[in-house]
Amino acid sequence: MSKPLWAPSAEEVERAGVTRFAAFVRERHGVEASDYAALHAWSVAEPAAFWYSVWEFCGVAAPEKGDAVLEDADRMPGARWFPGARLNFAENLLRRRDDGPAIVFRGEVPSAGIDRIDDRRISWRQLHDHVSRAAQGLRAAGVGPGDRVAGYLPNLPETVISMLAATSLGAVWSSCSPDFGVQGVLDRFGQIEPRVLVAADGYRYNGAAIDSLGRVREVLAGVPSVERAVIVPYLRKAPDLRSVPGAVSWDELTLSHPAREIEFEPVPFDHPLYIMYSSGTTGAPKCIVHGTGGTLLQHLKEHRLHADVRPGDTLFYFTTCGWMMWNWLVSGLGSGACLALYEGSPGWPDMRALFDFADAARIDLFGTSAKYLDAVKKSGLRPRESHDLSSVRAILSTGSPLVPETFDFVYDAVKPDVRLSSITGGTDIIGCFAQGNPVVPVRRGEIQCLALGMQVEVFDDDGRPLPAGEPGELVCTAPFPSMPVGFWNDPDGAKYRDAYFERFPGVWHHGDWVERTGHGGLVVHGRSDAVLNPGGVRIGTAEIYRQVEQLDEVEEAIVIGQQWEGDVRVVLFVRLRAGDRLDDALTDRIRRRIRTNATPRHVPARILEVADIPRTRNGKIVELAVRDVVHGRPIRNREALANPEALELFAGRPELGE
């Protein structure tokens, strides 16, 4: 058993939300959960009692709760949670009405003359009033329950306000970040037919100002369902709307209405709340519909019991509003947290930017990606020496596996007494299967625990459960509230079932290649559809990345399996530090490091240099797209990529025919 890198003090355990929740279920249900393992065991053995307890403990506001918690529990998919309940998502996020901060915003480059973080601080009272005005504007535009409101927006306060206004009316919110090209937006919004489009005049990234109005005009031409377009000023105080016929300004939508009590529309528990999109590159994105109650309950549980969000905390996650972590972040309002929003590049003008924000906003929970932490490490920055960070008590990481060496870096160079919580889940469940825990230790290279209420197991190829220490498929064998309501335009549910239940009938198959540890944690080895299979032995790609990216010369890498002479061979592509080149000496060092620290089967048959590596707009490298290019197969959803031109670097390489 590895030595913990961090362990909670007795005082921290006593203060933790999960400890108070355990006391709550002991009082209400007589359940003696002596430790986290016992609490988790109860949560999956008695799912109705557990989720009812989450509802009560978190004080969900609802005019109707209904008598039943779970119906058709043996159907997966098909189970129904709180079938008699009616509630409103926005109402549960706007229960505070005081002068404390609800949102603090910082842009990469000061916008509209703003030069201090305090100038974009919005109180709870102000947030309520902004949402009230926006909701009245949307209602006047004809928006009601079930209508779609789409956002083509940066990560601005107005984005949060728009979502809350739409969902207060029972409408469905869906968003894309403004760096999506026109076709990518049409592939998404064209399917869901929004009634209103809220867009910004532009955004900033890496020091550049990018105008969006031309693309907004093309999107409106391609989505004829839009009856009202609303333009949020970001690059300019008063953007010229003549180039977008029929559009109104944000002020026109909102300021013509006085702030008053919001009329929250109660909706059923499984009423659509969000439409989100798969980020694959093999076809039109799937439109994943998430329900109101399931999203709320899952996020309340994850924030209060796992992340340990407390009223008055400042919660930050670096994200665009096209990634599910934006939806996860904004739910922090429901736990009384202030949202810290950052818009722009995390590396502009240098890697200090987000740590500067952490100090200025006094961030308590700092969320980011594994790739960002690796980039900080490669930059040579040691934030514990350059920043205060005294407010930060937890760092959350997701997007890709957090390798053991990055754990070492965080505790050595960022903050030695922080809780580093790697988490894993996805857009598909708008939440986590495994995540952080304020009452158990942090161990090198591991996610701390399986999430409460989630019956997670690891299966072999034949659907048999595997013991701890053996890698296999991450599955969930029992229903949970944040399973999608379905896919948009999938009336018989066939696409939904094929996506998650085709491999193991009646069991959610998530597509991650993982193993459980002996002390209740989880190690993620990568996506199972990208797992390498040389000689019939399955190898997780994370094991190779872990070794290669420790080399100073290697900025980033991507590894695939290439069909070769009736088998699969491992091919590694590396993007090197400026001034370095892939000569025989470096190639030999890479191979020796992998052979020594992994196994001979992990050693690539080919190692090739590339100038760039393709990634989605959420920052995830796209192994499957590169594999398809190498094999000459078409890529049908290039718009999912931030840098689709990088795919050409992998096509027609003569070295791959040797």
Side-chain angles (χ1 to χ4, degrees), residues 1-2 37 40 44 370 397-407 421-426 428-429 432-436 442-451 454-477 500 502-504 507-550 557-561 567-572 593-604 620-621 623-624 627:
M1 184 179 295
S2 59
H40 182 271
V44 296
S397 171
T398 193
S400 60
L402 192 63
V403 300
E405 288 78 9
T406 306
F407 278 78
S421 293
S422 182
I423 61 179
T424 188
D428 315 78
I429 66 166
C432 301
F433 283 120
Q435 56 192 132
V442 173
R443 289 186 167 85
R444 187 174 185 262
E446 299 181 21
I447 298 175
Q448 287 175 278
C449 67
L450 302 181
M454 310 294 276
Q455 182 65 69
V456 174
E457 296 189 40
V458 181
F459 275 10
D460 67 12
D461 288 342
D462 297 318
R464 295 184 297 250
L466 291 168
E470 292 193 29
E473 299 282 354
L474 187 154
V475 300
C476 193
T477 59
Y500 307 115
E502 176 79 12
R503 178 75 182 275
F504 305 114
V507 171
W508 178 286
H509 171 232
H510 196 59
D512 281 345
W513 188 248
V514 304
E515 69 176 277
R516 291 183 294 116
T517 67
H519 33 73
L522 196 77
V523 176
V524 179
H525 295 294
R527 292 291 295 170
S528 55
D529 53 10
V531 163
L532 309 172
N533 199 26
V537 178
R538 301 187 77 181
I539 297 171
T541 55
E543 299 170 72
I544 296 176
Y545 295 135
R546 175 185 174 186
Q547 302 306 324
V548 175
E549 293 179 359
Q550 302 312 309
I558 190 167
V559 63
I560 66 164
D567 197 356
V568 174
R569 68 177 183 179
V570 179
V571 179
L572 174 69
R593 182 177 181 90
I594 294 171
R595 182 184 298 273
T596 301
N597 295 297
T599 75
R601 290 188 180 275
H602 290 78
V603 177
K620 298 179 182 179
I621 60 173
E623 295 158 325
L624 298 186
R627 189 175 69 189

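Side chains are part of it too, since the values below use all heavy atoms of this structure and drop only hydrogens, waters and symmetry mates. Since this is a predicted model, take the numbers as computed values, not measurements.
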For [X] and [Y], which heavy atoms make the closest approach, and how far apart are they?
X      : Y      : answer
Asp428 : His510 : OD1-CE1, 3.9 Å
Glu446 : Phe407 : O-CZ, 3.4 Å
Glu623 : Thr541 : OE2-OG1, 3.1 Å
Thr477 : Glu457 : OG1-OE2, 3.3 Å
Ser422 : Ile447 : O-CG2, 3.2 Å
Gly436 : Ile423 : N-CG2, 3.7 Å

Open item on the list: Show, in sequence, the C-alpha distance, side-chain angles and deciding distance for Glu405 and Arg546, and conclude whether the salt bridge (Lys or Arg N to Asp or Glu O under 4.0 Å) test is met.
Closed with: CA-CA 8 Å; Glu405 288 78 9; Arg546 175 185 174 186; 3.0 Å; yes
Task: Separation between CG of Asp461 and CG of Leu466, rounded to the nearest 0.5 Å - done: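 Spacing of CG (Asp461) from CG (Leu466) equals 9.0 Å.
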- [ ] Hey, could you give me the SG/CG distance between Cys449 and Leu522, rounded to the nearest 0.5 Å?
- [x]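 Output value for this atom pair is 10.0 Å.
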Close side-chain approach of [X] and [Y], heavy atoms under 4.5 Å:
X      : Y      : value
Asp512 : Thr424 : yes
Gln550 : Val548 : no
Leu572 : Ile560 : no
Val514 : Val523 : no
His519 : Arg443 : yes
Val507 : Tyr500 : no
Ser528 : His509 : yes
Gln448 : Val442 : yes

Open item on the list: Determine whether Ile429 and Trp508 satisfy the following criterion, side-chain contact (heavy atoms from CB on, under 4.5 Å), listing intermediate values before the conclusion.
Closed with: CA-CA 10 Å; Ile429 66 166; Trp508 178 286; 3.4 Å; yes
Task: Pair Gln455-Leu450, side-chain contact (heavy atoms from CB on, under 4.5 Å): steps then yes or no - done: CA-CA 8 Å; Gln455 182 65 69; Leu450 302 181; over 6 Å; no
Open item on the list: Quick test of your reading of the model: are Glu473 and Arg503 salt-bridged, counting only N-O distances below 4.0 Å?
Closed with: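 Yes, Glu473 and Arg503 are salt-bridged.
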Task: Main-chain N/O of Asp462 paired to Asp460 side chain as donor or acceptor, under 3.5 Å - done: yes
Task: Parallel, tilted or perpendicular: ring planes of Phe459 versus Phe504, cut at 30 and 60 degrees - done: perpendicular
Open item on the list: Is there a side-chain contact (heavy atoms from CB on, under 4.5 Å) between Val456 and Leu474? Walk through the geometry before answering.
Closed with: CA-CA 7 Å; Val456 174; Leu474 187 154; 4.2 Å; yes
TODO: Consider only side-chain N and O atoms of Gln435 and Ser421, and report whether a donor and an acceptor are under 3.5 Å apart.
DONE: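 No, because no side-chain N or O of Gln435 sits under 3.5 Å from a partner of the opposite role on Ser421.
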Task: Stepwise side-chain contact (heavy atoms from CB on, under 4.5 Å) check, Val559 with Tyr545 - done: CA-CA 8 Å; Val559 63; Tyr545 295 135; 3.5 Å; yes
Task: Residue that, paired with His602, satisfies side chain to side chain donor-acceptor pair (under 3.5 Å) out of Gln547, Glu543, Arg595 - done: Glu543
